Number of protein chains: 2
Amino acid sequence: MDTIELKIRPPHIQVEETLSELIEQLEPGTQLPPEPKLAQQLGVSRATLREVMRTFVERGVLARRHGVGTFVASRIPVLETGLEVLESLDRMADRLGVVTEVSALEVLERLATPSEVLGLGYPEDAQVEVLIVNRVITVEGEPVADLRDIVPLGYLCKEDLGADFHGSVLDILLRRGTPMLSTSRTQIVAELANPKFAERLQIQKGSALLKLVAKLYSYDEKVVDYSVSYFVPGHFKFHVMRRVSQV
Amino acid sequence: MDTIELKIRPPHIQVEETLSELIEQLEPGTQLPPEPKLAQQLGVSRATLREVMRTFVERGVLARRHGVGTFVASRIPVLETGLEVLESLDRMADRLGVVTEVSALEVLERLATPSEVLGLGYPEDAQVEVLIVNRVITVEGEPVADLRDIVPLGYLCKEDLGADFHGSVLDILLRRGTPMLSTSRTQIVAELANPKFAERLQIQKGSALLKLVAKLYSYDEKVVDYSVSYFVPGHFKFHVMRRVSQV
DNA sequence: ATAATGTCAGTTGTCTGACATGTCAACAGG
DNA sequence: CCTGTTGACATGTCAGACAACTGACATTAT
C-alpha cells in the first residue's frame with residue numbers, strides 16, 4: 001500500500017475527551033441527554049458510550065440512576081488535583097494557572113542502587129543503567145516540591161532532556177509515545193523532612209512532608225519510571241475519589 | 001401478591017464480585033479467557049462483562065491489549081490498601097488478617113462547630129446537630145489510627161451504635177442501606193502530631209502523620225459523614241492507582 | 001375522601017449476533 | 001537467511017431489540 005495511513009484516534013478515546021469537555025460545561029446536577037441520543041450526537045454506538053460513561057461513574061463524575069437518567073455529579077474533581085488521573089506537576093500547575101520553575105536540576109546516568117533496582121521491578125542482583133533526574137520545583141521563588149525520577153536508559157537518556165526541560169519527565173515520555181504507558185501505582189506516605197530536604201526545600205527540619213512513591217507501568221507491565229516526590233504542605237492539595245464498594 | 005419478592009443482585013454487581021475473586025486467585029500476568037468464553041462462564045453477555053472489565057482496567061487491576069488478550073496486572077502487595085475503593089478500616093484489617101480493637105471510644109451528640117458545618121456542606125450559619133464518634137484503633141495493643149466521624153443526627157444517632165460497635169461508622173451506614181452512598185472525596189495531607197495526638201497514639205510528639213479528610217456523599221449528593229483520620233506510619237500503606245490521561 | 005392499584009412513557013440495564021481492527025506466529029518464496 | 005503473506009484469534013465497535021426500573025397520572029377499591 002502506498003497510500004498514507006493516518007492514525008485515527010480510537011472511538012472510546014475520542015468519546016472520553018468530548019464527554020469530558022461536555023461535562024465540564026454543564027452545571028452540577030444537570031441531566032444528560034438519554035444514551036441513544038447522546039451516542040448519536042457523539043457518533044458512536046450506545047455500547048461504546050456506555051463503556052466510557054462507566055469510567056466516569058467509577059470516578060464519581062457522573063451518577064446514573066436506573067430508569068431515571070444520568071446526572072452530572074455536584075462536585076467538580078476535574079478542576080482540582082485529583083489523584084485518579086496521572087498528570088505531571090507541570091500540567092497540573094498550568095491548569096491551575098500557576099507558573100512553576102525548575103531549580104537545582106541535576107541529571108546523571110549511573111548504575112541503579114539496590115533500592116532503585118527493586119523499585120524498577122528488576123531481579124535483586126541486576127545491573128541496571130538508569131537516568132536520574134533530580135530537581136526542585138518552585139512557585140514564585142518558593143520551593144514546593146522535590147522530585148526524583150529514575151528511568152532505565154532504554155527508555156530515556158540524558159540527551160532526551162532538551163534545553164527546554166520544564167520539570168516533567170512524564171510529559172517527555174508521553175510526547176514520545178513509546179513505550180505506551182498505562183497506569184501508575186503511587187504509594188502515599190507522610191514523612192519528616194530530614195536536614196538535606198529541609199535545606200533544599202527551605203523549610204524547617206522536622207516539618208511534615210507528603211511523599212509519593214510512584215511506579216509508572218507500560219502496557220506490558222514493565223516499570224518505566226520509578227519516582228519519589230516530596231511535597232511541601234499547603235501548596236498543592238491532593239485528593240482522591242473513592243467509590244463505595246457495593247459488595 | 002403474597003409471595004415474597006427476593007431481591008436479585010443485578011448482573012453487573014454479581015459479575016464484579018465473581019471476577020474480583022477470580023482475579024485474586026490468578027497469578028499476576030496470567031491471561032484471562034477470551035471475552036466470549038468468560039462471558040459464557042459468568043452467565044452474562046459480553047457487553048455486560050466488558051463494562052465491568054473496563055472498571056477493572058480503570059483501576060489498574062487488569063490490562064487489556066487489543067488483539068492480544070486481557071491480563072492480570074502486577075499483584076498488589078497484600079499489606080497495602082488501594083484508596084480507589086472506600087472500605088472501612090475494620091474490613092480492611094479483616095481482609096488482611098489483622099485483628100483490630102477499639103479504644104478511647106467517645107460518642108456524643110452536640111451542635112457542629114463552624115468547621116464541621118463547612119465540612120458537611122451546610123451554609124455557614126446553619127445550626128446542625130451531629131453525632132460525634134471518636135476512637136483510637138489498635139492492633140495488638142498498639143495504636144495505629146485515630147478516627148473521628150461527624151454525622152448529622154438525621155442519618156445516625158447515639159442509639160444506632162450498638163454494644164457491638166467495632167469501630168466503623170461506614171459499615172453501620174452501609175448495613176442500614178439508607179441513605180444510598182455513592183462516593184467519598186478524600187483529601188490527603190501530611191501533618192505533624194500535636195501533643196494531644198502524640199499521647200493518644202503513643203508516639204513521639206512531632207512525628208509525621210498521614211491525615212485523611214473524607215466527605216462521604218449519598219446519591220443525592222449530600223454529605224452523610226465528614227471524617228478526619230490520622231494514621232501512624234508503618235502500619236498501613238496506602239496507595240492509589242493513577243491512570244495515564246490519554247489526552 | 002383516601003389509599004391502593006394499574007397504566008404508560010421515558011430511561012438505564014442487558015442481550016444477541018455480527019463485523020472491524022489489531023496481533024502474532026506459521027509458512028512460503030525470494 | 002530474510003521477507004512478505006496469510007490466517008487464527010483476540011479485543012474493539014456496531015445495530016437493534018427487549019427487560020427492568022422510575023415517576024407521574026389515572027383508576028379502582030375501601
Side-chain angles (χ1 to χ4, degrees), chain A residues 1-3 5-19 29-58 61-73 177-180 182 218-221 246, chain B residues 1-3 5-19 29-58 61-73 177-180 182 219-220 246:
Chain A
M1 273 247 260
D2 277 338
T3 60
E5 293 274 341
L6 54 131
K7 200 101 173 183
I8 309 252
R9 301 178 77 74
H12 70 267
I13 301 282
Q14 197 148 345
V15 167
E16 182 158 348
E17 272 185 59
T18 316
L19 195 56
T30 312
Q31 180 168 5
L32 259 56
E35 291 174 357
K37 200 168 183 174
L38 191 53
Q40 193 185 353
Q41 284 178 17
L42 297 176
V44 296
S45 76
R46 212 185 132 209
T48 302
L49 172 62
R50 274 185 62 82
E51 281 200 31
V52 174
M53 283 178 115
R54 210 165 214 273
T55 73
F56 282 82
V57 172
E58 175 84 4
V61 179
L62 291 179
R64 281 203 290 215
R65 285 164 61 194
H66 189 179
V68 183
T70 306
F71 303 83
V72 179
T178 53
M180 290 273 284
S182 67
S218 61
Y219 267 108
D220 53 355
E221 299 293 321
Q246 302 286 6
Chain B
M1 274 244 261
D2 276 339
T3 61
E5 290 276 341
L6 51 132
K7 201 102 171 182
I8 308 257
R9 303 177 78 75
H12 70 267
I13 300 280
Q14 197 148 346
V15 168
E16 181 159 348
E17 271 185 61
T18 316
L19 195 54
T30 312
Q31 181 167 6
L32 260 54
E35 291 174 356
K37 199 167 182 175
L38 190 53
Q40 193 185 354
Q41 284 178 18
L42 298 176
V44 295
S45 74
R46 208 184 135 210
T48 303
L49 172 62
R50 274 186 62 81
E51 282 200 31
V52 174
M53 282 179 116
R54 210 165 215 271
T55 72
F56 282 82
V57 172
E58 175 85 4
V61 179
L62 291 180
R64 280 202 290 213
R65 286 162 61 191
H66 189 178
V68 183
T70 307
F71 304 83
V72 179
T178 53
M180 289 274 285
S182 67
Y219 267 108
D220 53 355
Q246 302 285 8

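Predicted model, so just to flag it, every value in this text is computed and none were measured. Per chain, numbering begins at 1; letters A, B, ... match sequence-line order. Only this structure's heavy atoms are used, side chains among them; waters, hydrogens and symmetry mates stay out.
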Checklist entry - Which parts of residues 31-39 of chain A get close to DNA chain D, meaning a heavy atom less than 4.0 angstrom away? => result none
Next on the checklist: What's the separation between atom CZ in B/Phe71 and atom CZ in B/Arg64, rounded to the nearest 0.5 Å?
Outcome noted: 12.5 Å
Item to check | Expected output: side-chain A/Gln31 to main-chain A/Val68 donor-acceptor under 3.5 Å | outcome: yes
Checklist entry - Can you tell me how far CD of B/Glu35 sits from CG of B/Leu42, rounded to the nearest 0.5 angstrom? => result 11.5 Å
Next on the checklist: Just the rounded figure in Å: distance from P of C/dG10 to CZ of A/Phe71.
Outcome noted: 16 Å
Next on the checklist: Does D/dT11 have OP1 or OP2 under 4.0 Å away from a side-chain N or O of B/Thr70?
Outcome noted: yes
Item to check | Non-hydrogen side-chain atoms of A/Thr55 and B/Thr55 separated by less than 4.5 Å | outcome: no
Item to check | Separation of A/Leu49 CG from A/Gln41 CD (nearest 0.5 Å) | outcome: 10.0 Å
Item to check | Rounded distance (Å) that lies between atom P of D/dA20 and atom CZ of A/Arg64 | outcome: 18 Å
Checklist outcome for this item: Residues of residues 44-54 of chain A with a heavy atom under 4.0 Å from any atom of DNA chain C, listed by number, are A/Arg46, A/Arg50
Item to check | salt bridge (Lys or Arg N to Asp or Glu O under 4.0 Å) against B/Arg54, all qualifying residues, sequence neighbours excluded | outcome: A/Glu51
Item to check | Phosphate-side-chain proximity, A/Arg65 and D/dT22, N/O vs OP1/OP2 below 4.0 Å | outcome: no
Next on the checklist: Within the supplied structure, the quantity of interest is the number of heavy atoms (other residues, nucleotides, ligands) at a distance under 6.0 Å from A/Gln40 CD; does it exceed 12?
Outcome noted: no
Checklist entry - Between A/Gln14 (CD) and D/dG12 (P), how many Å, whole number? => result 17 Å
Item to check | Rounded interatomic separation in angstrom, taking CD from B/Glu16 and P from C/dG13 | outcome: 14 Å
Checklist entry - Taking only N and O in the side chain of B/His12, is any of them less than 4.0 Å away from OP1 or OP2 of C/dT14? => result yes
Checklist entry - Roughly how far, to the nearest 0.5 Å, is CE of A/Met53 from OG1 of A/Thr48? => result 12.5 Å
